[in-house]
Number of protein chains: 2
Amino acid sequence: MSDLLARLRARRWRLTAQRRVVAQVLDGDHVHFTADEIHARAAALLPEISRATVYNTLGELVAIGEVLEVSTDGRAKRYDPNAHHAHQHLVCDSCGTIRDVHPSVDPLAGLPAAERYGFTVSRVAVTYRGLCPDCAARSAADPAADSAPARAKA
Amino acid sequence: MSDLLARLRARRWRLTAQRRVVAQVLDGDHVHFTADEIHARAAALLPEISRATVYNTLGELVAIGEVLEVSTDGRAKRYDPNAHHAHQHLVCDSCGTIRDVHPSVDPLAGLPAAERYGFTVSRVAVTYRGLCPDCAARSAADPAADSAPARAKA
DNA sequence: CCCTACCTTAGACAGTGTCTAAGTCAACAG
DNA sequence: CTGTTGACTTAGACACTGTCTAAGGTAGGG
Ligand SMILES: [Mn+2]
Ligand SMILES: [Mn+2]
Ligand SMILES: [Zn+2]
Ligand SMILES: [Zn+2]
């Protein structure tokens, strides 16, 4: 993943300081940041970077397949740097934590031809939902205060 | 589904004119409208209904499990009146059309215990993506003008 | 028919994402 | 190394989706 910059150069991208810091933020932990979280972290490295540039750069990275867009809640899209290893997501309904998971069978195989209605089906996104161990413990201790998803963490 | 009003009465809901027209719009075709689409259709029946009431009513219907929320794109949530028959969705990347589909196996079964990280997994949402027959034909005829998803239709 | 707790309303506000016009600069040619 | 140029970046306005509040209205029980 660290040769992302090399791949971008190969695509004749102009390597600006702004694009470098966005790539650097994505290269950190394999988490699932929102665009504005990425902007905040990028701005820590290059204070004058604008929100528009972060959105533009993310949009381009998604278009060329270097980053995936993930919409697990109805809120901000999250950007997934783990684009080169197919996986799905497991989300906590209470705290919003997101984990990468790897189903045992290709989820595309579960859709019979009769259920495809002539579509050319090429991708599938699976979001498993439930409670993470921490939130399950907390809600066992205090049966109220449930289902108020805080901001997602990972 | 037409006894939705009876079920609401059983829950001691106050049956206002506003809630009736929202239920009536949802009872129509089994499509996947956004809140604002539902508001527009409800307003055709009851012109003074407010946006806030439609949002409130939909939120309550979701909370009691009479309607499902579906987020297939990063845009507006869609509301699915087909809440009593488990199903998944098939979405056209180009025109946004949404169809109900029924996988041959329970998608929850595809996630091994080792991939659950202690979560209590209770639900799963699967979104199959590709091109509908119309859009596939159109993009074969005109290989440009791809991947510019118009507003979703169903 | 009256009460009152619950519901609805208009409009302000917040979060997320897009767009534009003007300025800037990375990359390349010379 | 330097000049040129088209791609890139910027601030801020704008659009869309959803939430909230305070004030007024009304369904349904008595
Ligand atoms: Mn991921
Ligand atoms: Mn559906
Ligand atoms: Zn949690
Ligand atoms: Zn289509």
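First the proteins, then the strands, lettered A, B, ... as listed; each starts at 1.
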Taking five pairs at each end of the helix from C:dC1-D:dG30 to C:dG30-D:dC1, what angle separates the two helix axes (nearest 10°)?
30°
Select from A:Arg51 and B:Arg12 the residue whose nearest nucleotide in DNA chain C is closer to the 5' end of that strand.
B:Arg12
In whole angstrom, give the distance that lies between atom CG of B:Leu58 and atom P of C:dC7.
15 Å
When the distance from OH of B:Tyr55 to P of C:dC7 is rounded to whole Å, what number comes out?
20 Å
Does a side-chain N or O of A:Gln18 approach OP1 or OP2 of D:dT10 to a distance below 4.0 Å, or not?
yes
May I have the step-by-step check of side-chain contact (heavy atoms from CB on, under 4.5 Å) for A:Val70 and A:Thr127, ending in yes or no?
CA-CA 10 Å; A:Val70 185; A:Thr127 304; over 6 Å; no
Considering only C:dA10, C:dC7, D:dT9, which nucleotide approaches the side chain of B:Ala52 most closely?
C:dA10
Tell me: CD of B:Glu48 to C1' of C:dG11, nearest whole Å?
17 Å
DNA chain D: B:Ala76 or B:Arg20, which has the more 5' nearest nucleotide?
B:Ala76
From the options A:Arg78, A:Arg51, A:Lys77, A:Arg75, select the one residue that forms a salt bridge (charged side-chain N to carboxylate O under 4.0 Å, His left out) with A:Asp36.
A:Arg51
With side-chain hydrogen bond (donor to acceptor under 3.5 Å, both in side chains) as the criterion, how do B:Asn82 and B:His30 come out once you've worked through the C-alpha distance, each side chain's angles and the decisive distance to 0.1 Å?
CA-CA 7 Å; B:Asn82 188 11; B:His30 273 192; 4.5 Å; no
OP1 or OP2 of C:dC7 under 4.0 Å from side-chain N/O of B:Arg19:
yes
Quick one: A:Asn56 CG to C:dG17 C1', roughly how many Å, whole number?
11 Å
Side chain of A:Thr16 - closest among D:dG18, D:dT9, C:dG17
D:dT9
Side chain of A:Ser50 (C-beta onward), nearest among C:dG17, C:dT8, D:dA11:
D:dA11
In whole Å, what is the span from the CZ atom of A:Arg9 to the P atom of C:dC28?
11 Å
Quick check: any donor-acceptor pair below 3.5 Å linking the side-chain of A:Arg14 to the base of C:dC25?
yes
Spacing between A:Glu60 atom CD and D:dA7 atom P, to the nearest angstrom:
12 Å
Which nucleotide in D:dG28, C:dA12, D:dT10 has an atom nearest any side-chain atom of B:Leu15
D:dG28
Which nucleotide in the set C:dG15, C:dT9, D:dG18 lies at the smallest distance from any side-chain heavy atom of B:Thr53?
C:dT9
Whether A:Arg41 engages the ring of A:Phe33 as a cation-pi pair (distance to the six-membered ring centre under 6.0 angstrom, angle to the ring normal within 45°) should be assessed.
yes
Taking atom types as modelled and ignoring hydrogens, do the side chains of A:Asp100 and A:His85 form a donor-acceptor contact shorter than 3.5 angstrom?
no
Does A:Leu108 share a hydrophobic cluster with B:Val91, counting links as ILVMFWY side-chain heavy atoms below 4.5 Å and allowing steps through other members?
no
Mind calculating the distance between CG (B:Asp36) and P (D:dA15) to the nearest angstrom?
15 Å
In whole angstrom, give the distance that lies between atom CD1 of A:Ile38 and atom P of C:dT16.
13 Å
Any idea how B:His32 and B:His89 line up, ring-wise: parallel (<30°), tilted (30 to 60°), or perpendicular (>60°)?
perpendicular
Does B:Trp13 share a hydrophobic cluster with B:Leu4, counting links as ILVMFWY side-chain heavy atoms below 4.5 Å and allowing steps through other members?
yes
